[in-house]
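Single-structure report; data block below.
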Amino acid sequence: MVSGPELDHARETAETALRHMAVLGIPATPENYAVWFAYAAGSDPHLRRTIDILMDNGQEFDDLRNAELHARFVLPTYRTSAVDTVADDLHAVAGQLSTTVGHAGDGVRRYGDALSNVSGALHQTDAGDIEMRSLVTGLMQETRAMEANNARLRERLEQSSSEITRLRESLEETRREASTDGLTGIANRMRFERELRTAAAAAMEDGTTLCLLMADIDHFKVFNDTHGHSVGDQVLRLVARVLSEAVRPGDLVARYGGEEFTVILPDCELDEAARIAERIRDRIGHRHVVRRSTGDNLGAVTLSLGATAYRFGEPIAQAVERADAALYRAKQAGRNRVEVDGDPAAA
């Protein structure tokens, strides 16, 4: 039950959140309220710093920015914590079952040992009372029956504990699969968006530069239609592998959709991002696709890439749009090239 002081604190936090929203002209929707309640409560330092930077820079809290704050800081907490909580609870239950059964078994065994000792002592005594020995014998029989029942219970509970452990492992595997592209084995778009939000918050907190690459396979549709979807899938896996090998440790490569890929480059200046993009382009250009069934060389695959740097406080979608626009310019300029977005400090 919520106590008086806790209730007062929650009320003060709610009033502070609503006051901020009123001053900034933010509609009091459930999504916006969740963001600003977390800000007023100070429960997420990354959220607080992001909003402080936006307010210090006089940024407008329009519908797009409000939706971005909710998607970046509120939704991931609900989704991730729910899965993690279930997994942790399953693990805890399994541990508790094992401990409880172990203690119960130890107790019954100690009780049985004690009765055995008493029974042995009575039978060794010449003056032992027959009735007493009979009583102890009966207790020993009941104890053995109890031990047998306890053994069966222990076996059943151990089976349940094993099943819970398997369920937890299955849940963790499902969580990994939900973040992985099934064809290429790299991160999928959902994980990319989640990781990009986290990387943007960390960049603002640390004052470091965060860059983003968008890459697209040139003429992929023609290649796919000419040689078949199985070869097209082979090309997608090849590009994913080369991308993963060409980036730095700690960078994230993801399949954005179709034949488009993206790379998150934390703590990376824009000129270094351009060099990484060129390295990727060059390595892809030197790889040839071979039809596995016949060994025929189907030629080289090329990539067009766009690079940009994240601007502190901006909606994540804007950074993605700039990288995509740079990619489009690379396509328009003849493909198989890298285009870099303008000055990241520009407004």
Side-chain angles (χ1 to χ4, degrees), residues 181 183-193 195-197 199-200 203 208-224 232-289 298-311 314-346:
D181 177 63
L183 176 64
T184 62
I186 61 176
N188 61 13
R189 182 166 177 171
M190 184 177 71
R191 183 182 173 194
F192 159 73
E193 292 175 346
E195 295 288 344
L196 184 56
R197 287 192 293 267
T208 55
T209 304
L210 169 68
C211 286
L212 179 66
L213 303 180
M214 297 292 288
D216 188 86
I217 303 173
D218 296 327
H219 302 296
F220 179 75
K221 187 178 186 305
V222 175
F223 192 94
N224 204 37
D233 290 348
Q234 182 182 336
V235 170
L236 291 170
R237 286 191 288 266
L238 170 66
V239 171
R241 184 168 63 252
V242 173
L243 280 166
S244 299
E245 293 170 352
V247 299
R248 308 166 305 167
D251 296 337
L252 179 79
V253 175
R255 186 180 177 193
Y256 194 70
E259 65 271 25
E260 197 167 15
F261 295 81
T262 185
V263 183
I264 300 174
L265 301 167
D267 194 14
C268 180
E269 298 294 334
L270 193 54
D271 57 350
E272 183 181 3
R275 287 194 295 271
I276 293 172
E278 283 290 353
R279 181 165 70 232
I280 292 169
R281 188 195 63 78
D282 181 66
R283 290 189 183 184
I284 286 289
H286 284 85
R287 302 292 290 268
H288 286 246
V289 180
L298 305 181
V301 175
T302 63
L303 279 183
S304 298
L305 299 101
T308 192
Y310 174 69
R311 300 170 184 171
E314 72 171 335
I316 294 297
Q318 288 185 8
V320 175
E321 287 174 4
R322 284 202 315 279
D324 204 46
L327 168 61
Y328 180 75
R329 291 196 300 272
K331 292 282 192 183
Q332 292 296 102
R335 295 181 170 81
N336 190 24
R337 60 184 293 125
V338 175
E339 286 289 334
V340 180
D341 183 49
D343 180 7

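Look at Arg281 and Glu278 and you find a salt bridge, because one of the NZ, NE, NH1 or NH2 atoms lies within 4.0 Å of a carboxylate O, short of that distance.
Atom CG of Leu305 is separated from atom CZ of Arg335 by 13.5 Å, given to the nearest 0.5 angstrom. Atoms CZ and CZ, on Phe261 and Arg255 in that order, are 6.0 Å from each other to the nearest 0.5 Å. Separating the CE atom in Met190 from the CD atom in Glu193 is a distance of 9.5 Å, to the nearest 0.5 Å. Glu245 contributes atom CD, which lies 11.5 Å from atom CZ of Arg279 (distance to the nearest 0.5 angstrom). Remark: Thr262 OG1 to Leu243 CG distance equals 9.5 Å, nearest 0.5 Å. Glu321 contributes atom CD, which lies 11.5 Å from atom CD1 of Ile316 (distance to the nearest 0.5 angstrom).
Ile280 and Val242 get closest at one heavy-atom pair: O-CG1, 4.5 Å. Between Val340 and Ala274, the closest heavy-atom pair is CG2-CB, 3.7 Å. Considering every non-hydrogen atom in both Glu259 and Leu236, the closest pair reads CA-CD2, 3.9 Å. Nearest approach of Ala246 to Ile276, heavy atoms of both residues: O-CG2, 4.5 Å. Considering all non-hydrogen atoms of both residues, Asp251 and Pro266 come closest at OD1-CD, 3.4 Å. Taking all atoms of both residues into account, the shortest heavy-atom contact from Phe192 to Leu252 is CA-CD2, 4.1 Å.
Surrounding CZ of Phe220 are more than 12 heavy atoms belonging to other residues, nucleotides or ligands, all under 6.0 Å away.
Under the 4.5 Å side-chain criterion, counting only non-hydrogen atoms from C-beta, Glu272 is not in contact with Thr209. Annotation: side chain of Arg322 is in contact with side chain of Arg311 (closest heavy-atom distance under 4.5 Å). Side-chain atoms of Arg287 and Val301, non-hydrogen and from C-beta on, never get closer than 4.5 Å to each other.
The closest donor-acceptor contact from the side chain of Arg337 to the backbone of Arg329 lies at 3.5 Å or more, if one exists at all. No donor-acceptor pair closer than 3.5 Å links the side chain of Arg191 to the backbone N or O of Ile186.
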Give the table of side-chain donor-acceptor pairs shorter than 3.5 Å for residues 210-219, with sequence neighbours excluded, one pair per line with atom names and distance.
from: Asp216; atom 1: OD2; to: Lys331; atom 2: NZ; distance (Å): 2.7
from: Asp218; atom 1: OD1; to: Ser304; atom 2: OG; distance (Å): 2.6
from: Asp218; atom 1: OD1; to: Lys331; atom 2: NZ; distance (Å): 2.8
from: Asp218; atom 1: OD2; to: Thr302; atom 2: OG1; distance (Å): 2.7
from: Asp218; atom 1: OD2; to: Ser304; atom 2: OG; distance (Å): 3.4
from: Asp218; atom 1: OD2; to: Asn336; atom 2: N; distance (Å): 3.0

